[in-house]
**Q** 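Let me begin by handing over the structure; questions about it come next.
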Amino acid sequence: DGSASAGATRPRRGGVLRAAFPGAGAKETLDPHKQRQFVDIARHKAMFDKLVELGPTLRPVPRLARSWESSADSTVWRFRLREAVFHDGHRLEPEDVLYSLHRILDPHAADHLAANSLSALDLGGCRAVGKETVELRLKKPSAEFPSLLAVTGALIVRRGYRDPEKPVGTGAFRFASFQAGRSFSAHRFDDHWAGAPYLDELRILSAASEARNSAVQAGEIDYAHEMSPTFARLIEGNSRVALVSTPLSGVDGFALKTDRPPFDDPDAAMAVKLLVDRERLIEVISGNRAQPGNDLYGKGYAYYPSHLPQREQDLAQARRLARRSGLFNRRLTFYTSTVVEGFVNAAHLFADMAGEAGLRVEVVSGPPETYNTDQLTTGDIGNHRCGAMPIPTYISERLLDGSPQNASAWKHPDFDEDFVHAQGIKKETARTRAYGALQRTVRDEGGLVLWGHPDWLNAVSTTVHGVKPAPPNTDKWARFDAVWVD
Amino acid sequence: MTRPLIEVRRLTAHAADGTALVRGVDLRMEAGRVTALVGPSGSGKTTTALALLGEAGAGVRLSGHVRVGETEVVGAHGITAHAAGVRGGTVAYLPQHPGNALNPARRIGAVLTELAALHAPSGGGRNASRALSRAALEQAQLPPERPVLRRFPHQFSGGQQQRVALAEVLACGPRALVLDEPGTGLDTVTRAALTRELARLARSGPAILLLSHDHAMVRALADDTVVLEAGRVTARGTPEAVLPAAPAPVTVRESGEDPDGGAKEHPEDSGEERPDGTPLLQARSLFAWHRRRGHNVLHDVSLRLRAGECVGVAGPSGSGKTTLARCLAGLHERLGGDLLLDGAPLPALVHRDREQKRRVQYVWQDVHDSFDPRRTVIDQVARTAVRLRGRTVDQAREEAGALLCEFGVPPRTAARPPGALSGGELQRAAFARAALARPDVLVCDEITSALDAETAERVLTHVEHLRTTRTAVLWISHDLRLMRRVADRLLVLDGGGLAEAGACARVLARPRSEATRRLLDAEERGQRRRTALPAEAGPHPMG
Amino acid sequence: MARHALRRVLLAIAQLTLLSVLVFLLTSLLPGDAADVLFNDKTGTEQIARLRHEMGLDQPPAQRFLDWAKDLLTGDAGTSLTGGQPVSGIVAHSVGATALLAGVTAVIAVPVALVLGLVTGCRAGGRLDRTVTAVTLALGSVPDFVLSLALVAVFALKLGWLPSTWIGATTGDLLTRPGLLVLPVAVLLARTVSQLIRQFRAGTLGALNSGYAQQARRLGVPRTRLLLRHVLPNAAVPGVQQLARTGDALLGGVLVVEAVFAVPGAATALIEAVRSRDVPTVQALTLLLAAAALFLNVAADLVSHRLSPRVEVLR
Amino acid sequence: MSEHTAQPPPAQPAAPGSGRRAWTAGKKGTGGVVTTVAAAVLFAVPVLTALFGPLLAPLAEASGPGAPYALDGRHPLGTDGLGRDVLALLLRGGGSTLGSALGAVALAYLVGGAVGLAAAVSRHRWVDEMLMRPVEVVLPIPSLLVISLVGVGRHGNAWAVTMAVALVNTPVAARLVRAAALRAAAGPVAEAMRMQGESRLRVQLGYVGGSVLPVVAADVGTRVTGAVFTVAAANFLGLGMEPTAPDWGVTIAASREALLVQPWSVCAPAAMLLMFTVGLNLLGDRVLDRRDQLPPRGHRDRRARDRWTRVRRARVLPGARKEGRA
Ligand SMILES: Nc1ncnc2c1ncn2[C@@H]1O[C@H](COP(=O)(O)OP(=O)(O)OP(=O)(O)O)[C@@H](O)[C@H]1O
Ligand SMILES: Nc1ncnc2c1ncn2[C@@H]1O[C@H](COP(=O)(O)OP(=O)(O)OP(=O)(O)O)[C@@H](O)[C@H]1O
Ligand SMILES: [Mg+2]
Ligand SMILES: [Mg+2]
């Protein structure tokens with residue numbers, strides 16, 4: 001299963017593609033540096049390009065940057081640019097890249113999303129080298145810098161870009177119209193550097209899940225993003241709609257707070273890891289559309305230590321460890337929320353499993369709007385979900401002392417040091433080894449119970465071809481350059 | 001002999017519990033003739049009259065034969081399906097309680113015009129209907145002016161409402177009119193004018209069935225009289241033959257003598273208060289208004305009531321009698337001036353304590369509206385003794401039952417809901433409800449208007465009895481003859497102001513105000529035979 | 001009447017003012033603010049603080065309210081905290097669709113309910129009454145989303161007669177494709193009509209049992225006329241009051257309908273704004289909706305006042 | 001015309017005596033009884049389920065959890081999204097749904113009705129104003145806003161949502177009751193009762209309340225329905241109870257996507273709610289019709305009261321008998 005392009009006709013020019021994404025109302029924006037929602041990202045992807053994108057295994061792949069190289073200490077990076085043209089005919093130059101980076105890191109624009117990841121840039125030290133190359137200097141060494149340029153919101157805009165209402169990019173589609181929370185449309189850009197797309201027009205529409213469900217079945221839209229496993233069951237055998245299912249598109253799990261009792265004791269955390277019934281969770285929460293997790297992030301991605309044995313449920317051992325660490329005497333709080341569909345279900349399912357093993361878990365539900373922040377301080381256990389990103393990014397965002405989303409409160413200075421060190425290793429095999437060791441530590445002692453890697457489900461009308469499975473946030477995801485309709 | 005317009009043969013009516021209400025009544029009504037149906041309260045007059053329209057009260061079964069025009073309205077098996085066809089155009093009925101027969105949400109002009117248009121023989125257009133409706137209003141003794149036409153029913157006094165309802169009936173231009181107590185609530189002047197108008201009307205075509213306790217009116221109008229007693233016809237004939245002889249005129253004017261031979265042995269009363277003793281109830285310079293302050297319907301009215309005294313209030317319809325009564329009862333709160341009970345200020349009803357409530361009681365003019373349609377009458381009457389005199393439920397019930405019996409309302413009747421009582425029965429129940437409080441001040445708003453002489457006598461006897469227990473009575477009535485019997489002093493209201501006050505005998509004998517004189521004149525003329533009337537009829541064309 | 005109306009309008013303005021304070025207070029009491037929500041998943045405390053400053057959220061609430069009110073008086077509803085676009089634009093874009101849905105629903109619901117209410121009221125207990133009562137009740141008792149999903153499944157997916165959503169449709173499309181309105185309006189009608197019918201029926205029953213209806217019948221007023229001219233004005237009173245509340249009830253229903261049919265409407269916008277603590281947008285939408293509700297209420301009061309003059313006079 | 005008189009009058013249905021009867025002919029037939037029984041059954045099934053279901057639920061749960069939205073032989077009504085037995089959910093979930101909806105409406109009517117009654121019955125304009133002005137301020141707040149504010153502010157708290165639903169219904173109830181009560185309270189019957197010294201309570205509840213009853217009864221059913229759906233809509237938005245709570249409304253909202261995959265998971269609880277509201281409304285109608293049709297309350301009251309006094313006399317002081325006769 002997977003791609004809807006199977007048995008496709010020959011690519012054909014022309015036509016309109018109507019793609020629906022979950023909307024975010026007034027929050028939706030045209031400003032590529034403020035993007036936050038999938039629907040924004042999809043829109044911006046049509047109109048803009050990044051220097052670097054992420055490939056299917058979350059390795060950086062060239063986009064506007066044709067190639068790159070770094071100094072020996074990985075502090076100075078040179079990117080050679082493509083011969084790309086903006087929608088207004090202006091040719092892409094290093095100054096555009098520098099302007100974009102300055103704009104992203106503008107201290108007055110607090111809501112530029114990539115600012116955090118790119119804060120390692122030493123803007124003063126960046127410069128153009130000729131007409132084709134841009135040289136970027138970092139404050140501290142990082143062998144992972146190219147993948148940081150692929151983060152959300154790191155799009156390259158035209159020099160002097162100010163009015164978000166008039167977007168000018170190098171993307172495959174030219175802006176036509178936009179209404180926040182409703183619709184967006186863009187036309188084919190014939191001078192696109194990778195060749196013009198097939199579609200005449202791309203419409204990206206916002207709609208809640210109910211509406212996407214029925215609209216894609218009724219043929220009112222051609223592409224529906226983010227569908228549920230129940231929907232997948234519903235359209236089994238439907239000749240008009242096909243499912244594009246992307247395996248390994250992230251991770252589902254639980255986060256145990258390791259900076260306080262009881263989970264500051266690795267035995268207690270291990271007891272929990274051993275008692276969860278991963279199959280049952282996958283069956284219920286992911287509708288059997290997931291692969292079991294091994295308490296490791298990034299299955300199938302670069303740097304994933306795939307040689308480690310799959311962790312299985314072992315109730316006897318779990319009980320032993322629980323008793324030893326005094327888990328039975330405590331009342332555990334599972335702090336959950338409806339922020340993501342399935343969180344509360346998973347929490348209750350977990351509570352049941354834990355209850356069978358003799359643990360007392362109380363599920364408490366918090367406001368979804370601030371869940372991710374609240375979760376950092378509330379409860380002993382929380383939900384954990386993470387989309388696709390490179391493993392080093394994951395570590396830096398979730399497992400370091402200063403990480404903004406350190407849900408398992410994994411705070412170990414030596415771990416942080418090792419990570420910084422690993423990031424600086426230029427040689428890939430050695431770096432892989434170093435990352436592997438770090439991940440292993442977290443798997444055995446950390447507080448992440450990562451039980452599944454769910455499939456990402458999109459629905460596509462059978463008249464649409466060329467939609468490839470790709471994890472969200474990667475290059476081919478929500479990219480409609482190579483899509484055509486009958 | 002021509003075939004009569006309406007023919008009733010062996011009409012019987014049975015209540016749900018099997019009681020016979022009407023037992024084999026025969027009746028004929030012919031065009032241009034007035035038939036009067038008289039008889040004591042509760043004798044079945046209303047029941048019989050309703051049968052002409054093919055109607056009966058809740059649970060009442062009719063049988064016999066009623067033919068209206070060519071239509072059989074009641075047959076052996078009860079009301080026929082054709083009955084609806086005669087209503088309005090052929091037979092129009094004026095109900096005994098007109099108050100709730102008027103649509104509260106509609107201006108009276110609109111309804112009148114609508115009815116006129118509905119029953120007009122050949123359309124005639126809007127203007128014709130409007131003219132008809134104005135004519136009807138005029139016949140009913142209301143000025144056919146725009147401000148009146150634009151009023152809502154609640155903006156009329158009791159007597160005015162009666163006339164509005166009558167105007168609605170007349171606007172239909174029916175072939176037969178059934179008028180159930182058309183004279184209740186009307187002052188003597190209006191009543192006389194109405195009587196004249198009805199006489200004219202009868203001659204112009206329709207047959208009229210007149211249900212009335214007012215023998216004067218019956219004498220003045222009726223060609224035939226049918227006396228009903230306990231549901232049976234006991235006498236028939238001309239009014240002279242059937243009715244008791246007309247009483248002597250109320251007053252012998254300018255005689256200076258007490259014409260009633262000293263029925264009341266009070267000393268002459270110049271109308272001024274004796275200086276000694278605080279009055280029981282005193283009103284000083286009362287003003288009252290309805291919609292806007294300043295638009296007063298009572299101006300500067302003062303009165304005093306002493307224990308055991310009965311003060312009568314008379315005056316044309318709409319002169320503010322009910323408003324005055326309601327002020328005293330504490331029901332009308334838009335008022336200025338002082339109210340004193342035993343020298344202490346008397347607040348509005350809501351602020352009265354239980355004792356104050358007990359001491360001042362009021363009997364409604366429109367009794368029908370003052371009873372909860374969902375509870376039995378006896379229950380409602382008895383509550384007074386429970387609440388105001390602390391009796392147990394059973395004691396109160398016994399007392400109420402006894403009192404109602406005294407007034408001629410048997411327990412079995414009182415155990416029904418108000419809708420299943422006759423107009424007079426309900427009026428007596430309302431009186432009993434107030435009397436049960438053993439009040440110090442009893443305000444009676446036309447409480448004998450639906451009663452025949454005999455029944456009224458029972459009520460009067462009780463009023464006398466109350467007075468012997470030092471109860472003061474404020475007696476509002478249009479019946480000046482009765483007033484003379486009952487009242488010590490008389491107040492005459494006109495246009496909201498006090499036209500005259502003084503000893504009853506004096507006022508009736510030597511009226512000083514124009515208003516009183518008019519009322520008395522009309523009364524006097526009303527006593528004369530019908531033949532004496534038409535000369536002075538006004539120019540009111542009909543249809 | 002005119003004085004009465006003027007009083008009501010002045011009162012409505014006072015009410016709106018009070019309401020805006022109330023709503024502002026309530027939204028301020030919610031956990032978190034727009035900055036928190038905006039950066040919920042990419043937290044950097046320092047970034048949040050900057051953002052908060054930029055949004056003016058670091059000012060005391062009273063100050064913020066006054067600023068907002070001052071701007072509003074000059075006709076400026078402010079800018080959205082989350083999207084940065086003018087609030088007036090958000091309101092303008094979202095209210096139209098909702099107003100259209102609610103309006104069409106009301107235009108259909110009122111006459112239908114009136115007729116059915118009258119007819120069932122005067123045949124209470126009859127077969128027609130029982131049928132209508134049961135059917136409308138049942139329809140009104142099916143949860144909105146179940147009804148919408150079922151209607152979509154049958155009429156859009158199975159039969160293909162009607163479009164299933166408004167996705168991608170513009171307001172102009174509504175005129176050329178009236179089919180878009182059918183299903184959403186049908187869902188909204190189910191509850192509205194059912195409620196209205198009940199009120200009108202009850203009113204009719206009461207009015208028919210009254211003395212004046214009886215007298216009108218005695219005076220030969222034919223059935224239809226009796227119903228329309230005599231009974232209706234009195235029977236309509238409870239229904240009219242209900243009607244005033246229909247706006248609110250519709251809004252609740254509209255939310256579900258907006259989600260299922262992807263209608264870009266005010267209910268969705270309101271919830272979205274509450275979710276993202278976008279106070280200016282919440283305020284603007286609430287005031288607008290409240291003004292609509294007030295308008296309906298005032299209208300209902302005036303109509304009731306006209307329909308039962310007796311009551312107000314007594315006050 | 002003359003033909004009519006010549007023929008014998010057509011046999012009559014139940015005497016179309018009073019006007020009302022003529023207009024509502026046929027009420028007395030067997031149809032009425034059938035409807036009453038049907039209404040009672042409709043009403044009783046969900047109520048009994050709500051009351052006694054939890055006792056039976058373990059039986060339904062005996063077969064253990066299944067696959068999500070499965071329709072296998074082990075679960076008579078299949079399973080829900082968490083693989084729980086739908087029948088068991090149905091048995092467990094009535095109390096909270098009916099409880100919170102009824103509770104919210106009852107509270108709304110208790111508070112709002114009292115305010116409305118008091119405002120209507122009070123002869124003081126300022127009392128009326130004082131009571132109704134706040135109500136009028138709250139009235140136009142979109143209930144959606146209140147629900148979402150409460151839902152967001154006090155997340156997942158069933159009580160909070162119940163209170164919010166009650167809150168949004170309170171002003172409505174107040175206005176409705178006031179409007180209906182005003183007519184009665186301003187009428188002569190209320191005046192007469194006051195004149196008789198009846199307590200305020202009796203005037204208000206006994207008479208004015210009684211006159212308001214038809215309007216309220218017509219409203220209560222729809223209001224309960226509305227409350228159920230408001231709660232369900234709150235869940236639909238993720239503002240209400242936990243999405244896993246075994247509550248009918250929650251179950252409907254949570255399983256809505258599976259309407260066509262596992263219809264029972266939505267239809268069974270929806271049917272329960274439907275039966276409840278339809279039954280409730282029909283019963284309300286029946287009671288009202290009966291009230292208008294049968295001999296007035298007084299009859300029944302009196303008999304009941306006589307019986308009661310007799311019992312009391314027989315049991316309590318023998319002296320009371322004498323006193324009673326005195
Ligand atoms: N609600 C009202 N609004 C305006 N005017 C009213 C209202 N009620 C009564 N009126 C007017 O007030 C005046 C006095 O009315 P009131 O009822 O006191 O008269 P009355 O003397 O009792 O008459 P009747 O003998 O006909 O009963 C009348 O002219 C009447 O039209
Ligand atoms: N629906 C009813 N059910 C049972 N009895 C009734 C019903 N309506 C009236 N009655 C009784 O029938 C008798 C006759 O009533 P009816 O109204 O015809 O009297 P009436 O002659 O018009 O008296 P009044 O002069 O007092 O109006 C009364 O005793 C009354 O109590
Ligand atoms: Mg009578
Ligand atoms: Mg009067």
Side-chain angles (χ1 to χ4, degrees), chain A residues 18 20 23-31 34 36 107-117 119 152-153 164-165 179-183 185 203 205-221 224 339 366-374 376 397 402-405, chain C residues 30-32 35-55 80 82-85 87 89-90 93-94 145 148-149 152-153 156-157 160 162-170 256 258-264 268-269 271-278 281:
Chain A
R18 297 156 300 175
K27 266 190 283 188
E28 294 179 11
T29 174
L30 263 190
D31 188 330
K34 290 186 175 180
R36 189 161 284 110
H108 298 298
D111 51 351
H112 286 177
L113 214 58
N116 214 16
S117 308
S119 57
T152 304
E165 302 296 310
Q179 252 188 358
R182 296 172 86 163
S183 64
S185 108
R203 285 191 204 146
L205 310 164
S206 310
S209 70
E210 257 87 13
R212 296 200 304 280
N213 274 357
S214 43
V216 74
Q217 290 183 69
E220 287 156 24
I221 53 174
V339 61
E369 293 82 2
T370 52
Y371 176 72
N372 288 327
T373 349
D374 296 346
L376 301 177
E397 285 193 2
S403 293
Q405 292 235 69
Chain C
L30 290 182
D36 289 324
V37 174
L38 211 52
F39 264 91
N40 186 23
D41 44 352
K42 295 278 183 306
T43 330
T45 35
E46 183 256 353
Q47 226 167 356
I48 289 187
R50 266 200 293 155
L51 198 62
R52 194 167 283 145
H53 174 72
E54 222 167 79
M55 292 173 171
S80 159
T82 44
Q85 61 270 63
V87 168
I90 299 179
H93 278 136
S94 59
F145 43 83
S148 357
L149 295 178
V152 166
L157 303 185
L162 294 162
S164 72
T165 63
W166 288 26
I167 292 188
T170 60
V256 170
E258 282 178 6
V260 173
F261 297 98
V263 179
T268 318
I271 293 289
E272 192 61 49
V274 172
R275 282 247 159 103
S276 47
R277 314 285 192 270
D278 187 357
T281 310

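Naming: A, B, ... by sequence-line order, numbering from 1 per chain.
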**Q** Which bit of Q179(A) comes within less than 4.5 Å of chain C, counting heavy atoms only: side chain, backbone, both or neither?
**A** side chain
**Q** Please look at T29(A) and chain C and tell me whether the side chain, the backbone, both or neither of the residue comes under 4.5 angstrom of a heavy atom of that chain.
**A** neither
**Q** Out of D31(A), N213(A), L205(A), which one racks up the most heavy-atom pairs below 4.5 Å with chain C?
**A**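 The candidate making the most pairs under 4.5 Å is L205(A).
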**Q** What residue in A208(A), S183(A), A218(A), S214(A) has the most heavy-atom pairs under 4.5 Å with chain C?
**A** S214(A)
**Q** Answer with side chain, backbone, both or neither: which region of P107(A) has an atom nearer than 4.5 Å to a non-hydrogen atom of chain C?
**A**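 For P107(A), heavy atoms of backbone and side chain both lie under 4.5 Å from chain C.
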**Q** Between R182(A) and P264(C), which heavy-atom pair has the shortest distance, and what is it?
**A**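 Closest pair (atom of R182(A), atom of P264(C), distance): NE-CG, 3.0 Å.
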**Q** Under the rule for side chain to side chain donor-acceptor pair (under 3.5 Å), what residues qualify as partners of E220(A), not counting sequence neighbours?
**A**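 By the side chain to side chain donor-acceptor pair (under 3.5 Å) rule, E220(A) matches S164(C), T165(C).
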**Q** Looking only at heavy atoms, what is the nearest atom pair of E210(A) and V260(C), with distance?
**A**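 Looking at all heavy atoms of both residues, the shortest contact is CB-CA, 3.8 Å.
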